[in-house]
Amino acid sequence: MSLENKPVGRDAPPAHPPPTHLRVEGIQKRFGGVHALRSVDFEVARGEVMALVGDNGAGKSTLMKVLAGAYTADEGQFFLDGQPVTIGSPNDATDLGIQIVYQDLALCENLDVAANLSLGAELVKPGWGFLPHILQPLDELQMELKARKAIDRLEVRTLQSVRNKVGGLSGGQRQAIAIARAVGAESTVVMLDEPTAALGVAQTKQVLEVVKRLRETGHAVVYISHNMRDIFEVSDRICVLRHGGNVATYTTSETDPDKIVAAMTRGLDDGASRDDGANNAA
Ligand SMILES: Nc1ncnc2c1ncn2[C@@H]1O[C@H](COP(=O)(O)OP(=O)(O)O)[C@@H](O)[C@H]1O
Ligand SMILES: [Mg+2]
């Protein structure tokens, strides 16, 4: 990036798009006879929300799982900040700072928020290292502080206490907790698969606020959704997949929901012109 001073304010020319953080090229994935991803290219920058859209079966969840290392791509290349990387397992993805929030949130209803946020990475009290890990006492206070910090960072305002059991929380709050858990790990890429699909209006709004906070805190956010209103409220760009292949990537401010729906359902052949904010059509 150039260090020269740039004019700022309303009349300033549009800033350069932020440099790509995570980029994949030519991703192929087959499940037996199903060709789920057909040489898909995809990218997301830090401080950007990239929406990933497409009809049912278009390959959105599969692409996300490939990026999270949950599925191994048959072919394709991965780059992080321009450097080639390998994503062959969930651990690879975690080590690279890539976190996924699944559709079913995988939270434990019977545990409180603090415990859920530390799941799999429980903190133990110092000084008990002579015991096997499983017998070491949990450091509840540190876990509570850590949870509080993760929640505060995302400005989840409606949550009264990190000691509340997850089973008693609203859908929106649960999403926020699942997102906070992903962010609590040292992540730079956070991927959300249909986070508002089961939520009402107020709770959706809450989750969208959390997504915006992720962008403000410099995360690269991948956001899968069917809801055009949510997508247009929260995304910077929109990547359209169809039948496992790229249609195009649109700049959200330069397109509209009708064009996106047309691209999802009919591709670029009619309805969605390449002049309307669309680029890198495959
Ligand atoms: N684990 C799997 N085994 C077999 N087929 C799968 C599996 N996961 C996804 N598919 C198939 O891959 C295609 C893309 O699915 P998916 O990525 O879930 O689509 P989307 O999330 O866009 O609705 C679909 O045809 C789906 O049936
Ligand atoms: Mg899906």
Side-chain angles (χ1 to χ4, degrees), residues 22-44 49-78 87-93 98-107 171 174-175 178-179 182 189-199 204 207-208 211 220-232 234-235 237-250 252 255 257 259-269 271-272 278 280-282:
L22 176 66
R23 172 166 179 78
V24 296
E25 287 173 10
I27 301 292
Q28 300 273 2
K29 182 68 185 171
R30 289 173 194 272
F31 298 103
V34 179
H35 201 169
L37 295 176
R38 300 164 185 265
S39 195
V40 168
D41 298 338
F42 183 76
E43 65 175 25
V44 60
V49 178
M50 176 68 93
L52 181 58
V53 306
D55 226 336
N56 279 332
K60 307 180 293 294
S61 295
T62 303
L63 177 59
M64 207 179 249
K65 286 174 188 169
V66 164
L67 297 177
Y71 292 155
T72 310
D74 300 333
E75 279 174 50
Q77 291 171 293
F78 301 78
I87 303 180
S89 71
N91 278 341
D92 288 347
I98 301 169
Q99 288 282 334
I100 186 168
V101 179
Y102 287 103
Q103 252 161 329
D104 56 15
L105 301 172
L107 296 174
R174 285 172 198 224
Q175 271 295 340
I179 295 169
V189 180
V190 179
M191 305 189 287
L192 308 164
D193 197 347
E194 307 254 9
T196 61
L199 302 184
T204 294
V207 170
L208 294 183
V211 172
V221 185
V222 182
Y223 182 85
I224 294 184
S225 176
H226 272 99
N227 187 311
M228 286 299 144
R229 202 156 22 128
D230 295 358
I231 289 165
F232 275 79
V234 85
S235 73
R237 288 193 289 167
I238 305 171
C239 172
V240 182
L241 294 183
R242 183 165 175 262
H243 300 327
N246 288 104
V247 176
T249 300
Y250 296 79
T252 307
T255 187
K259 289 183 189 120
I260 298 300
V261 172
M264 281 166 54
T265 52
R266 301 198 296 270
L268 281 182
D269 300 339
N280 68 323

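As the structure lists them, so they are numbered: ligands from 1, and atoms in each ligand from 1.
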Do me a favour and list the nearest non-hydrogen protein atom to [atom] with residue, atom name and distance?
atom	value
atom 1 (N) of ligand 1	Tyr71 OH, 3.3 Å
atom 18 (O) of ligand 1	Ser61 CB, 3.8 Å
atom 12 (O) of ligand 1	Ala36 CB, 3.4 Å
atom 23 (O) of ligand 1	Gly57 N, 2.8 Å
atom 16 (P) of ligand 1	Thr62 OG1, 3.6 Å

message: Run the side-chain hydrogen bond (donor to acceptor under 3.5 Å, both in side chains) test against His243 and tell me which residues pass, sequence neighbours left out.
response: none

message: For Gly59, state whether at least one heavy atom is located under 4.0 Å from any atom of ligand 1.
response: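 Under 4.0 Å: yes for Gly59.
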
field: Qualifying residues under salt bridge (charged side-chain N to carboxylate O under 4.0 Å, His left out), relative to Glu75, sequence neighbours excluded
entry: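 By the salt bridge (charged side-chain N to carboxylate O under 4.0 Å, His left out) rule, Glu75 matches no residue at all.
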
message: Show me which atoms of ligand 1 lie under 4.0 Å from any heavy atom of Asn56.
response: 23 (O)

Is [X] close to ligand 1, meaning an N/O of one under 3.5 Å from an N/O of the other?
X	answer
Lys60	yes
Leu63	no
Phe31	no
Val34	no

query: Do you see an N/O/S atom of Asn56, backbone or side chain, under 2.8 Å from the Mg ion (ligand 2)?
result: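 Given the 2.8 Å cut-off, Asn56 does not count as a ligand of the Mg ion (ligand 2).
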
Keeping the roles fixed (side chain from [X], backbone from [Y]), state whether a donor-acceptor pair exists under 3.5 Å.
X	Y	result
Asn246	Asp41	yes
His35	Leu37	yes
Arg242	Thr265	yes
Thr252	Arg237	yes

Measure the [atom1]-[atom2] distance between [X] and [Y] for me, rounded to the nearest 0.5 Å.
X	Y	atom1	atom2	answer
Met264	Lys60	CE	NZ	7.0 Å
Ile231	Ile238	CD1	CD1	6.0 Å
Thr204	Gln175	OG1	CD	9.5 Å

- request: Examine the proximity of ligand 1 to Asp55 and report which part, side chain or backbone, both or neither, has a heavy atom under 4.0 Å away.
  value: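 The answer is the backbone.
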
